[in-house]
J.: 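Pasting in a structure now, in structure tokens, and then I'll have a few things to ask.
The figures here come from the full heavy-atom set of this structure, side chains too, leaving out hydrogens, waters and symmetry mates.
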Amino acid sequence: EDFRMSRLPLSFACWNYDRTDALQTGRVRPDGIDLNFQALDVEETFFRMLRNREFDAAELSMSSYCVTLGRDDPGFIAIPVFPSRFFRHSCIFVSARSGIEKPSDLIGKRIGVPEYQMTAPVWIRGILQDEYGVDPASVTYVTGGEEEPGREEKLKLNLPPQFRVEPIGPTETLARMLADGEIDALHTARAPSTFYSEPGKVRRLFPDFVDVEKAYFAKTGIFPIMHVVAIRREVYEKNRWIAQSLYKAFVEAQRLSYEQLLVSASLKTMLPWQIAAVEDTIATMGREWWPYGIGRNRHVIETFTRYHHEQGLSPRRLTIEEMFAPETFAEFRI
């Protein structure tokens, strides 16, 4: 009991991913920490952490985190653990009524986005710019709830005037507007319900997205980072050692997940061709296809900070050094 008392209790909010499962079950325990793991949907975690700073540490949108770094009193410091990564070519949806066939057709159109500052749309706008010549300032962005009316930007934005962003009406939803042709396209993290319920009216810009995303990775080496793990700055400043302690624990929990995905005696997930998918992923992206740490992610993070700045979300381009706890930049060697 006394041994338990000497550990630092930390609350941590994160979705229950396979790669964090060992932290939730207690199979992996961070050195010196009692982790109170709250498995919450990402939207709830982000809202509560950004609005109220409720948790000692939490999974956080990389874009929202970068926006907070531009404040006078930045509330968080991140460690280079990326619980969510996602190729986002599959997340550009178009209305059948829009006549959009190829990326360049998006220029001049009205494009829905739940929040302008969300990480997924930052990547989507950047990829459309770099790979297809679609200037982020060449369209009108329409923001609001995808499935429920009344969603607002979690963070107040101060965008340069060339970016046109307007909210939808109080009873409207982006999913409905897309199906009805009231917006031409949607950049989002969650597929809109109307994509499944009204497939004749909503389709993907890239129906063959897997091939497109593999080609993008082969060309750029980028597997886009969506979320970081952020610690409340005052908690971190009191106990600087927790950054490395948490980092090591996340790496170990992820290592177990990598191993379990290749077990063929019985399947870890309900995906029937899981083993084939893992083998294909390794062939395409290498054995550690989801790297943590600064070293193997520098190019990905620097691409994101460029997009974030170019799209008016950060007044200058952020540096990696100011984004992550310095304790996590190098690991000891024996």
Side-chain angles (χ1 to χ4, degrees), residues 14-25 27-28 30 39 42 59 62 78-92 119-120 122-124 126-127 130-131 189-191 204-229 246-304 307 320 324 328-331 333-334:
C14 184
W15 200 38
N16 52 344
Y17 300 107
D18 58 351
R19 45 210 171 271
T20 56
D21 181 62
L23 292 166
Q24 193 178 353
T25 61
R27 179 173 176 185
V28 171
V42 294
E59 171 181 21
M62 183 148 87
I79 59 174
V81 168
F82 311 111
S84 175
R85 305 180 81 125
F86 207 111
F87 289 107
R88 289 294 180 192
H89 295 70
S90 65
C91 299
I92 307 168
T119 308
V122 174
W123 276 111
I124 290 169
I127 289 166
D130 280 3
E131 305 299 320
R190 282 180 186 262
R204 284 193 170 99
L205 179 63
F206 299 105
D208 56 340
F209 62 89
V210 175
D211 293 339
V212 173
E213 289 166 355
K214 284 182 177 176
Y216 168 78
F217 181 78
K219 179 183 173 185
T220 65
I222 291 172
F223 182 12
I225 291 167
M226 296 295 140
H227 304 166
V228 295
V229 168
L246 287 171
Y247 178 73
K248 282 167 54 185
F250 276 99
V251 169
E252 176 59 16
Q254 187 198 38
R255 187 188 64 75
L256 294 169
S257 193
Y258 272 128
E259 280 177 11
Q260 292 164 350
L261 283 174
L262 270 169
V263 171
S264 55
S266 60
L267 289 171
K268 179 73 176 176
T269 71
M270 293 194 299
L271 298 168
W273 292 283
Q274 172 195 309
I275 304 298
V278 174
E279 290 173 356
D280 180 51
T281 299
I282 290 171
T284 308
M285 299 175 69
R287 209 156 265 286
E288 274 194 65
W289 65 86
W290 194 301
Y292 291 169
I294 302 291
R296 290 186 53 203
N297 287 294
R298 190 170 281 276
H299 171 52
V300 183
I301 299 162
E302 286 175 346
T303 301
F304 182 81
Y307 291 163
I320 290 182
F324 299 99
T328 57
F329 277 66
E331 293 176 57
R333 292 279 181 268
I334 294 172

J.: What is the minimum heavy-atom distance between F82 and G293, and which atoms define it?
T.: CE1-O, 3.8 Å

J.: Might you work through the side chain to side chain contact (heavy atoms under 4.5 Å, CB included) test for F324 and V228, ending with a clear yes or no?
T.: CA-CA 10 Å; F324 299 99; V228 295; 4.3 Å; yes

J.: Can you check side chain to side chain contact (heavy atoms under 4.5 Å, CB included) on V81 and L246, steps first, answer last?
T.: CA-CA 9 Å; V81 168; L246 287 171; over 6 Å; no

J.: Is there a side chain to side chain contact (heavy atoms under 4.5 Å, CB included) between C91 and I124? Walk through the geometry before answering.
T.: CA-CA 8 Å; C91 299; I124 290 169; 4.1 Å; yes

J.: Keeping Y258 on the side-chain end and W290 on the backbone end, is there a donor-acceptor pair under 3.5 Å?
T.: yes

J.: Show the atom names and distances, to 0.1 Å, of all donor-acceptor pairs under 3.5 Å that link a side chain in residues 212-225 to residues at least two apart or in another chain.
T.:
{"unit_1": "E213", "atom_1": "OE2", "unit_2": "H89", "atom_2": "N", "d": "3.2"}
{"unit_1": "E213", "atom_1": "OE2", "unit_2": "S90", "atom_2": "N", "d": "3.0"}
{"unit_1": "K214", "atom_1": "NZ", "unit_2": "D280", "atom_2": "OD2", "d": "2.9"}
{"unit_1": "K219", "atom_1": "NZ", "unit_2": "E131", "atom_2": "OE1", "d": "2.8"}
{"unit_1": "T220", "atom_1": "OG1", "unit_2": "Y216", "atom_2": "O", "d": "2.8"}
{"unit_1": "T220", "atom_1": "OG1", "unit_2": "I222", "atom_2": "N", "d": "3.1"}

J.: For D208, what residues pass the side-chain hydrogen bond (donor to acceptor under 3.5 Å, both in side chains) criterion, not counting sequence neighbours?
T.: none

J.: With a 3.5 Å cut-off and sequence neighbours excluded, list the donor-acceptor pairs that the side chains of residues 270-279 form with protein atoms.
T.:
{"unit_1": "Q274", "atom_1": "OE1", "unit_2": "T269", "atom_2": "N", "d": "3.0"}
{"unit_1": "Q274", "atom_1": "OE1", "unit_2": "T269", "atom_2": "OG1", "d": "2.6"}
{"unit_1": "Q274", "atom_1": "NE2", "unit_2": "L261", "atom_2": "O", "d": "2.8"}

J.: Mind checking the CZ-CD1 spacing from F329 to I294? Nearest 0.5 Å is all I need.
T.: 4.0 Å

J.: What pairs with F304 under ring-ring contact (aromatic ring centres under 6.0 Å, His included), at least two apart in sequence or on another chain?
T.: W123, H308

J.: Considering non-hydrogen atoms only, spot the tightest contact between W15 and T20 and give its length.
T.: O-OG1, 3.5 Å

J.: Does any pair with a residue in residues 293-304 pass side-chain hydrogen bond (donor to acceptor under 3.5 Å, both in side chains), and if so which ones, sequence neighbours excluded?
T.: R85-N297

J.: Please tell me if the side chains of Q260 and D18 come closer than 4.5 Å, counting only heavy atoms from C-beta onward.
T.: no

J.: Would you name the heavy atoms of L23 and A249 that are closest together and state the gap between them?
T.: CD2-CB, 3.7 Å

J.: Nearest heavy-atom pair of S84 and Y17: which atoms, and what distance?
T.: CB-OH, 4.0 Å

J.: For a quick test of reading the model, state the closest non-hydrogen atom pair linking S257 to R19 and the distance between them.
T.: OG-N, 3.7 Å

J.: If you round to the nearest 0.5 Å, how far is OH of Y247 from CD of E252?
T.: 12.5 Å

J.: Determine yes or no for a side-chain-to-main-chain donor-acceptor pair under 3.5 angstrom, with R88 supplying the side chain and A189 the backbone.
T.: yes

J.: Dump the intermediate steps for side chain to side chain contact (heavy atoms under 4.5 Å, CB included) on H227 and V42, then the final yes or no.
T.: CA-CA 9 Å; H227 304 166; V42 294; 3.7 Å; yes

J.: Applying salt bridge (charged side-chain N to carboxylate O under 4.0 Å, His left out) as the test, list every pair that has at least one member in residues 259-268; sequence neighbours left out.
T.: R255-E259

J.: Output the distance between atom OH (Y307) and atom CD1 (I127), rounded to the nearest 0.5 Å.
T.: 6.0 Å

